[in-house]
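Here the structure comes first, spelled out in structure tokens, and everything after it is commentary.
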Amino acid sequence: MSQKNMQVTLASRPVGWVKESDLKIVESEIPTPGPGQVLVKNLFLSLDPYMRGRMNEGPSYAENVKIGQVMVGATVGEVLESKNPAFKPGDSVLGYYGWQQYGVSGGAELRKVDPKLAPLSAYLGVLGMPGLTAWFGLVDIGQPKPGETVVVSAAAGAVGSVVGQIAKIQGCRAVGIAGGKAKCDHVVNELGFDACVDYKAGNLTRDLAAATPKGIDINFENVGGEILDAIALRLNPFARIPLCGLISQYNEVRPRGMDNLVMLLINRVRLQGFIVSDYMARAGEALGDLAQWVGAGKIKYRETVADGLSNAPRAFIGMLKGANLGKQLVKLA
Ligand SMILES: NC(=O)c1ccc[n+]([C@@H]2O[C@H](COP(=O)([O-])OP(=O)(O)OC[C@H]3O[C@@H](n4cnc5c(N)ncnc54)[C@H](OP(=O)(O)O)[C@@H]3O)[C@@H](O)[C@H]2O)c1
């Protein structure tokens, strides 16, 4: 093959906000599969908030990216060459090849996906990690009951948009929190949430109270900071908080905590942090529901797609700042 493999590596560890210069576009040879290995041409790359954490030094639940290493990330693509009997050229696969056009690996971490059941990109979003996160966080940890009020922040994004729609399917009142009128209109008019609070409008506490007249039974937390503090004031006794993410703090040099912790005490609230990778053995439970709901039109999804790997750094920073509607992807080919 005369082509090269374009890659994006970590050039420096960001202090505070990520800069495009923290990431570097490089070229290498397209790898050759060894015995038992598969060569995949990646067609879509998923951009996710957790990648910001992987750019940091220091301990976390997963290993960080080293300087000079290709940025990690989930990909869907097509098998070009296989020395593994479980895969053949032309197979569509979900992998974890990172920010690059081609990847080589053994088959253990690859999963075949069916492009006839759903567009390939959906396996990185609603039928992939973000969909699983929404399902396990809400259904398993939140344990919604009909008539309860579920609030979800980052509601127009990949995880939040699915959380609110599952809440509706479970018979709950679904209230989103999102940045800007356009996102809130989308959340209510397209996704079917009962209400959406625009946290950028300047009246978060008042607007949240109006949107949650019976208080909050489940807070699916994606953001943290002042949004979590405002929500804490609306929690009902025995509310649940699946703590999924704290995106407002990922680029802060000194992340802030929670002001209104006492509200969790007096309301006997159960808060549980979770990482979706702990649930992979049970993924089938969630994927069955999600595939059925998407097929039946009960869950709708949007994608924001950057064109080409060279635009990935800008798209990643944009996603962290809220430029995306739905799942942020990069189209690689
Ligand atoms: N625990 C897990 O296993 C797991 C797995 C997947 C994702 N997550 C977490 O889930 C959350 C959502 O992830 P996602 O992949 O679905 O991303 P996403 O919601 O598609 O994109 C991120 C969104 O965060 C919002 N945001 C950014 N800064 C904000 C701020 N200061 N205040 C309020 N909102 C802000 C932006 O929306 P606005 O325009 O509305 O501000 C942006 O669109 C993240 O916290 C992520 O880390 C956790």
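Counting convention: from 1, in listed order, for ligands and their atoms alike.
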Quiz item: Which residue owns the protein heavy atom closest to atom 16 (O) of ligand 1, what's the atom, and how far is it?
Solution: V159 N, 2.8 Å

Quiz prompt | Shortest protein contact, atom 5 (C) of ligand 1 (heavy atom only) | solution = T133 OG1, 3.3 Å

Self-check item: Contact check: Y199 vs ligand 1, nitrogen or oxygen atoms, below 3.5 angstrom
Solution: yes

Quiz item: How far is atom 1 (N) of ligand 1 from its nearest protein heavy atom, and which residue and atom is that?
Solution: F274 O, 2.8 Å

Quiz item: So which bit of I247 gets within less than 4.0 Å of ligand 1, heavy atoms only: side chain, backbone, both or neither?
Solution: both

Practice problem: Run the numbers on W99 and F316 for ring-ring contact (aromatic ring centres under 6.0 Å, His included), then give the verdict. | Solution: CA-CA 11 Å; W99 297 30; F316 177 58; 5.6 Å; yes

Quiz item: S46 and D48: side-chain donor and acceptor closer than 3.5 Å?
Solution: yes

Self-check item: Steps toward side chain to side chain donor-acceptor pair (under 3.5 Å) verdict (Y97, S105)
Solution: CA-CA 8 Å; Y97 288 122; S105 66; 2.8 Å; yes

Quiz item: Can the positive tip of K327 be found less than 6.0 Å from the middle of the six-membered ring of Y301, inside 45° of the ring normal?
Solution: no

Quiz item: Considering K200, E252, M319, M129, which one's heavy-atom position lies nearest to atom 42 (C) of ligand 1?
Solution: M319

Exercise. Among all protein heavy atoms, pick the one closest to atom 43 (O) of ligand 1 and tell me residue, atom and distance.
Key: N324 OD1, 2.6 Å

Exercise. Indicate yes or no: does R256 engage D259 in a salt bridge with an N to O separation below 4.0 Å.
Key: yes

Exercise. Could you tell me whether A323 and ligand 1 have an N or O pair separated by under 3.5 Å?
Key: no

Quiz prompt | Residue and atom name of the nearest protein heavy atom (relative to atom 19 (O) of ligand 1), distance in Å to one decimal | solution = G157 CA, 3.3 Å

Exercise. Consider only side-chain N and O atoms of N56 and R13, and report whether a donor and an acceptor are under 3.5 Å apart.
Key: no

Self-check item: Interfacing atoms of ligand 1 (cut-off 4.0 Å, heavy-atom, A158)
Solution: 16 (O), 18 (P), 19 (O), 20 (O)

Quiz item: Considering only heavy atoms of L246, which atoms of ligand 1 have at least one such atom less than 4.0 Å away?
Solution: 45 (O)

Quiz item: So is there a nitrogen or oxygen of L243 less than 3.5 Å from a nitrogen or oxygen in ligand 1?
Solution: no

Practice problem: Give the residue and atom name of whichever protein heavy atom lies nearest to atom 39 (O) of ligand 1, and the separation in Å to one decimal. | Solution: K183 NZ, 2.7 Å

Self-check item: Ligand-side contact atoms (ligand 1) for residue partner V276, heavy atom cut-off under 4.0 Å
Solution: 2 (C), 3 (O)

Quiz item: Is K66 paired with E57 through a side-chain N to carboxylate O contact shorter than 4.0 Å?
Solution: no

Self-check item: Where ligand 1 meets A178 - atom numbers and elements under 4.0 angstrom, heavy-atom basis
Solution: 40 (O)

Exercise. Check V223 against ligand 1 and report side chain, backbone, both or neither, counting heavy atoms closer than 4.0 Å.
Key: side chain

Quiz item: Mind checking whether C244 has an N or O less than 3.5 Å away from an N or O of ligand 1?
Solution: yes

Quiz item: If you measure every N/O of D48 against every N/O of ligand 1, is any gap under 3.5 Å?
Solution: no

Quiz item: Atoms of ligand 1 less than 4.0 Å from G326 heavy atoms?
Solution: 20 (O)

Exercise. Report, in ascending order of atom number, the atoms of ligand 1 lying under 4.0 Å from any heavy atom of I275.
Key: 1 (N), 3 (O)

Self-check item: Polar side chain donor-acceptor pair, N5 to Q101, under 3.5 angstrom
Solution: no

Quiz item: Which residue supplies the protein heavy atom nearest to atom 17 (O) of ligand 1, what is that atom called, and how far is it?
Solution: P49 CG, 3.5 Å

Self-check item: Check ion pair K112-D91 (N to O, under 4.0 angstrom)
Solution: yes

Quiz item: Is any NZ, NE, NH1 or NH2 atom of the basic residue among K168 and D194 found under 4.0 Å from an Asp or Glu carboxylate oxygen of the other?
Solution: yes

Quiz item: At a 4.0 Å threshold, what atoms of ligand 1 neighbour a non-hydrogen atom of A154?
Solution: 19 (O), 24 (O)

Quiz item: Side chains of D22 and S12: is there a donor and an acceptor less than 3.5 Å apart?
Solution: yes

Quiz item: What's the verdict on side-chain contact (heavy atoms from CB on, under 4.5 Å) for I247 and Y250, showing C-alpha distance, side-chain angles and the deciding distance?
Solution: CA-CA 5 Å; I247 195 168; Y250 294 169; 3.8 Å; yes

Practice problem: Could you tell me the residue and atom name of the protein heavy atom closest to atom 36 (C) of ligand 1, and the distance to it rounded to 0.1 Å? | Solution: G322 CA, 3.5 Å

Quiz item: For W17, is the NZ or CZ atom of K321 found under 6.0 angstrom from the centre of its six-membered ring and inside 45 degrees of the ring axis?
Solution: yes

Quiz item: Does K321 have a heavy atom less than 4.0 Å from any atom of ligand 1?
Solution: no

Quiz item: Are D198 and K183 within salt-bridge range, i.e. N to O under 4.0 Å?
Solution: no

Quiz item: Just distances here: any N/O of G179 and N/O of ligand 1 closer than 3.5 Å?
Solution: yes

Exercise. Give yes if a backbone or side-chain nitrogen or oxygen of S277 is under 3.5 Å from a nitrogen or oxygen of ligand 1, and no if not.
Key: no

Practice problem: Determine, for E29 against K4, whether the closest basic-nitrogen to carboxylate-oxygen distance falls under 4.0 angstrom. | Solution: yes

Quiz item: Is a donor on one side and an acceptor on the other found under 3.5 Å between the side chain of E27 and the backbone of M6?
Solution: no

Quiz item: Is Y250 close to ligand 1, meaning an N/O of one under 3.5 Å from an N/O of the other?
Solution: yes

Quiz item: By number and element, which atoms of ligand 1 are closer than 4.0 Å to a non-hydrogen atom of I227?
Solution: 33 (C)

Quiz prompt | Salt-bridge present (R173, E148; N to O < 4.0 Å) | solution = no

Self-check item: Distance-only donor-acceptor check, side chains S121 and E303, under 3.5 Å
Solution: yes

Quiz item: So, does L320 sit close enough to ligand 1 that a heavy atom of it is under 4.0 Å from the ligand?
Solution: yes

Practice problem: Give a yes/no on ligand 1: does Q328 have at least one heavy atom closer than 4.0 angstrom to it? | Solution: no

Exercise. Identify which of N251, L325, N222 has a heavy atom lying nearest to atom 11 (C) of ligand 1.
Key: N222

